[in-house]
*Asks:* 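Take this structure first; my questions come after.
Since the model is a prediction, treat every value here as computed from it, not as a measurement.
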Amino acid sequence: MPDASSAVMPAELVLWDVSEGIATLTFNRPERHNAFTTDMEHQYFDLLERAANDPEVRVIIVTGAGSVFCSGGDISTMQRMPPQRALERIDLAQRVIRAIWKTPKPVLAAVEGSAYGAGTALAAACDRVVAARDATFATTFTNVGLAGDMGTFASLPARVGAARARQMLMLPAPITAQEALALGLVDAVAEPGQALESARRDARQLAAGPSRAYGVIKALLADPGTVNPFELLQREATCQSELFDTDDFAEGVAAFREKRRPVFGGRRGVQP
């Protein structure tokens with residue numbers, strides 16, 4: 001049962017609960033498969049910051065309401081736009097990943113159902129990913145003419161290697177939780193419906209552990225030695241914002257709305 005510190009943001013897009021030193025943040029758009037909107041990003045970031053600054057919170061869990069973790073960005077809210085306007089939108093998403101990376105507290109993802117596009121990126125950015133055995137993952141950005149953001153180009157290769165990340169991004173076929181486990185995208189597999197409880201068991205162990213040591217581990221692993229992931233985050237945002245003003249992105253959104261396969265022409269490409 002939630003304790004007295006439990007609360008719901010006004011629009012109920014992200015739920016907040018704290019117990020046993022564990023803050024649980026739950027995406028709460030199950031009717032839209034927890035597809036991300038800018039309002040959700042605002043609330044999610046605020047709650048990540050709240051958890052990071054709350055001395056009673058030692059571990060953070062991220063999960064989704066209903067049967068899906070996160071189906072990615074809500075394409076129905078997207079349209080072609082100039083790069084500067086797109087950059088403002090994308091920066092909202094990038095700061096969520098910064099918050100996950102910067103907090104010294106362990107952040108766990110409990111994944112049920114599908115984690116597509118931004119959903120995979122969000123999970124990959126976490127320190128531990130626990131997925132239900134029947135969960136699936138896919139980096140589906142190219143389906144709408146985009147390349148990826150939300151730390152994809154740092155978190156994904158760090159977990160699965162550059163070669164596999166390249167294939168997952170260019171040919172985004174869904175992979176099972178067992179395949180994700182073998183690749184390193186997932187850290188543990190639970191029975192269907194048990195991902196959150198499994199993550200809670202891990203979180204309780206972490207909450208009882210050396211929190212300052214965890215902070216050092218996170219800080220040292222955040223620097224891969226060649227590319228600063230925070231600089232890469234800005235490069236991602238710049239490239240992704242330019243892709244918002246391409247014919248392929250406009251076609252991808254139109255095809256999604258018209259329930260047909262997109263026909264990409266590859267025009268107005270972006271140089272990273």
Side-chain angles (χ1 to χ4, degrees), residues 9-11 13-14 27 29 32 34-49 52 70-103 116-125 139-157 165-166 168-170 172 222 224 226-258 262-272:
M9 297 297 288
L13 297 178
V14 184
F27 307 136
R29 292 186 77 209
R32 298 289 296 174
N34 296 320
F36 247 47
T37 65
T38 55
D39 286 343
M40 271 183 83
E41 288 163 355
H42 277 297
Q43 291 187 17
Y44 184 37
F45 173 78
D46 289 344
L47 290 180
L48 282 170
E49 290 289 282
C70 175
S71 60
D74 190 340
I75 301 171
S76 69
T77 69
M78 299 180 189
Q79 60 184 350
R80 184 170 188 161
M81 62 183 72
Q84 184 54 45
R85 183 179 163 203
L87 185 58
E88 293 172 2
R89 177 188 179 117
I90 295 164
D91 276 342
L92 293 175
Q94 303 298 73
R95 69 176 186 162
V96 165
I97 303 303
R98 289 189 184 94
I100 292 172
W101 287 347
K102 282 187 173 181
T103 179
Y116 286 1
T120 291
L122 280 165
T139 48
T140 51
F141 300 100
T142 56
N143 287 356
V144 292
L146 298 177
D149 53 9
M150 300 191 80
T152 295
F153 291 93
S155 299
L156 192 61
R166 181 178 294 110
M168 290 179 67
L169 288 163
M170 290 185 170
T226 55
V227 179
N228 187 307
F230 297 99
E231 294 175 358
L232 185 57
L233 213 69
Q234 187 56 51
R235 287 174 57 194
E236 275 185 359
T238 299
C239 292
Q240 188 82 323
S241 65
E242 292 176 0
L243 287 170
F244 265 75
D245 193 27
T246 61
D247 293 339
D248 279 349
F249 176 64
E251 164 64 9
V253 172
F256 173 83
R257 290 174 174 164
E258 296 164 12
V263 180
F264 295 130
R267 296 180 293 280
R268 296 188 63 180
V270 176
Q271 295 297 322

*Asks:* When you measure from the side chain of Glu236 to the backbone of Gly148, do you find a donor-acceptor pair of N or O atoms at a distance under 3.5 Å?
*Replies:*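 Absent.
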*Asks:* In the structure I gave you, are the side-chain heavy atoms of Phe27 and Leu122 within less than 4.5 Å of one another anywhere?
*Replies:*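 In short, these two side chains touch, coming nearer than 4.5 Å.
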*Asks:* Which value, rounded to the nearest 0.5 Å, describes the distance between Met40 atom CE and Leu47 atom CG?
*Replies:*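 Separation between the atoms: 10.5 Å.
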*Asks:* Side chains of Glu242 and Thr238, heavy atoms from C-beta outward: is any pair under 4.5 Å?
*Replies:*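 Sidechains of Thr238 and Glu242: in contact.
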*Asks:* Using a 4.5 Å cut-off on heavy atoms from C-beta on, say whether the side chain of Phe141 contacts that of Leu169.
*Replies:*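 Heavy-atom side-chain distance check passes, below 4.5 Å.
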*Asks:* Looking at every non-hydrogen atom in both residues, tell me the closest pair between Val96 and Phe45 and how far apart they are.
*Replies:*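 Heavy atoms only, the tightest pair is CG2-CB, 4.1 Å.
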*Asks:* Let me confirm one number: the CG-OG1 distance from Asn34 to Thr37, rounded to the nearest 0.5 Å.
*Replies:*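 OG1 of Thr37 is found 10.5 Å from CG of Asn34.
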*Asks:* Are the side chains of Leu13 and Arg29 in touch, meaning some heavy atoms are under 4.5 Å apart?
*Replies:*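 When only atoms from C-beta onward are counted, Arg29 and Leu13 do touch, with a gap below 4.5 Å.
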*Asks:* Could you give me the CA-CA distance, side-chain angles and deciding distance for Arg80 and Asp247, then say whether salt bridge (Lys or Arg N to Asp or Glu O under 4.0 Å) is met?
*Replies:* CA-CA 8 Å; Arg80 184 170 188 161; Asp247 293 339; 2.7 Å; yes
*Asks:* Considering non-hydrogen atoms only, spot the tightest contact between Gly145 and Thr246 and give its length.
*Replies:*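 Residues Gly145 and Thr246, closest heavy atoms: O-OG1, 4.4 Å.
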*Asks:* So which heavy atom on Thr140 is nearest to which on Pro172, and how close?
*Replies:*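 In terms of heavy atoms, the two residues are closest at CA-CB, 4.0 Å.
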*Asks:* Of all heavy-atom pairs between Ala237 and Asp91, which one has the smallest distance, and what is that distance?
*Replies:*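 So the minimum-distance heavy-atom pair works out to CB-OD1, 3.8 Å.
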*Asks:* With rounding to the nearest 0.5 Å, note down the distance linking SG in Cys239 to CD1 in Ile90.
*Replies:*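 With rounding to 0.5 Å, SG (Cys239) is 9.5 Å from CD1 (Ile90).
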*Asks:* Would you give the length of the straight line joining atom CG of Leu92 to atom CZ of Phe36, rounded to the nearest 0.5 angstrom?
*Replies:*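 Leu92 CG to Phe36 CZ: 11.0 Å, rounded to 0.5 Å.
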*Asks:* Should Leu48 and Arg95 count as side-chain neighbours, where that means a heavy-atom distance under 4.5 Å?
*Replies:*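 Result no, sub-4.5 Å side-chain heavy-atom pair not found.
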*Asks:* State, to 0.1 Å, how close Pro83 and Ser241 come at their nearest heavy-atom pair, and which atoms those are.
*Replies:*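 Pro83 and Ser241 have their closest heavy atoms at O-CB, 3.3 Å.
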*Asks:* Could you check whether the rings of Phe249 and Phe244 sit parallel, tilted or perpendicular, using 30° and 60° as the cut-offs?
*Replies:*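 Ring orientation of Phe249 relative to Phe244: tilted.
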*Asks:* Check whether the side chains of Ser76 and Asp74 place a donor and an acceptor atom closer than 3.5 Å, and report yes or no.
*Replies:*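 Present: a donor and an acceptor within the cut-off.
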*Asks:* Could you check if a side-chain atom of Val253 sits within less than 4.5 angstrom of a side-chain atom of Gln79, using non-hydrogen atoms only?
*Replies:*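 No. Closest side-chain heavy atoms not under 4.5 Å.
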*Asks:* Check Ser155 against Trp101 and note the closest heavy-atom contact, atom names and distance.
*Replies:*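 For Ser155 and Trp101, the tightest heavy-atom pair comes out as OG-CZ2, 3.4 Å.
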*Asks:* How many angstroms lie between atom CE of Met168 and atom OG1 of Thr142, to the nearest 0.5 angstrom?
*Replies:*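 Here the interatomic distance stands at 11.5 Å.
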*Asks:* Taking atom types as modelled, is there a side-chain donor on Thr77 or Arg89 under 3.5 Å from an acceptor on the other?
*Replies:*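 Indeed, the side chains of Thr77 and Arg89 share at least one donor-acceptor pair under 3.5 Å.
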*Asks:* Using the rule side-chain contact (heavy atoms from CB on, under 4.5 Å), only one of Glu41, Met150, Gln240 pairs with Gln94; which is it?
*Replies:*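 When Glu41, Met150, Gln240 are each tested with Gln94, the side-chain contact (heavy atoms from CB on, under 4.5 Å) holds only for Met150.
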